[in-house]
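In what follows, a structure is listed as structure tokens, so that the remarks can point back to it.
Treat the numbers as computed from the prediction; the structure is a model and nothing was measured.
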Amino acid sequence: MKYVPTKVRHSLRVLGEHAAIQRKLLNLTIADVAQRAGVSVNTVRNVESGKAVRTDSLFAILNILQLLGPAVDATDPYQTPLGMARAIDQLPQRVRR
């Protein structure tokens with residue numbers, strides 16, 4: 001991707017900061033995370049500095065940092081305002097027996 005929207009760059013930076021904080025909370029070095037995730041040390045550094053990496057590498061790192069579940073849960077469309085509104089619209093108005 002040649003052009004990276006500002007919001008995407010910002011989100012990558014914030015995600016990287018969160019990954020670095022979590023790694024430190026878990027008392028892991030960059031090398032520890034890289035080895036356990038099966039990626040290079042540079043890939044972990046790239047994530048932590050907000051640079052783009054392959055999705056499977058990012059998910060492997062987030063898994064080691066115990067952030068994969070929350071990241072996937074955050075993409076639940078029913079947790080967005082639109083998704084919640086549509087879910088309510090589709091609920092039956094009454095239940096008949």
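Rounded to the nearest 0.5 Å, atoms CD1 (I21) and CG (L26) are 12.0 Å apart. Note that CG of L28 and CG of L65 are 7.0 Å apart. Values are rounded to the nearest 0.5 Å.
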Sequence neighbours left out, cut at 3.5 Å: what donor-acceptor pairs do the side chains of residues 9-20 make with other protein atoms?
residue : atom : partner : partner atom : Å
R9      : NH1  : V4      : O            : 3.0
R9      : NH2  : T6      : OG1          : 3.3
S11     : OG   : K7      : O            : 2.9

Enumerate donor-acceptor pairs with a distance under 3.5 Å from any side-chain N or O in residues 56-64 to protein atoms, sequence neighbours excluded.
residue : atom : partner : partner atom : Å
D56     : OD1  : R54     : NE           : 3.0
D56     : OD1  : R54     : NH2          : 3.2
D56     : OD2  : R54     : NH2          : 2.5

For residues 37-45, tabulate all N or O donor-acceptor pairs below 3.5 Å that involve a side-chain atom, not counting sequence neighbours.
residue : atom : partner : partner atom : Å
S40     : OG   : N42     : N            : 3.4
S40     : OG   : T43     : N            : 3.1
S40     : OG   : T43     : OG1          : 2.9
N42     : OD1  : R45     : NH1          : 3.4

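Sparse packing is recorded around CD of Q35, with 12 or fewer heavy atoms of other residues, nucleotides or ligands lying under 6.0 Å away.
For the pair Q79 and M84, the tightest heavy-atom approach, listed with the atom from each and the gap, is O-CE, 3.1 Å.
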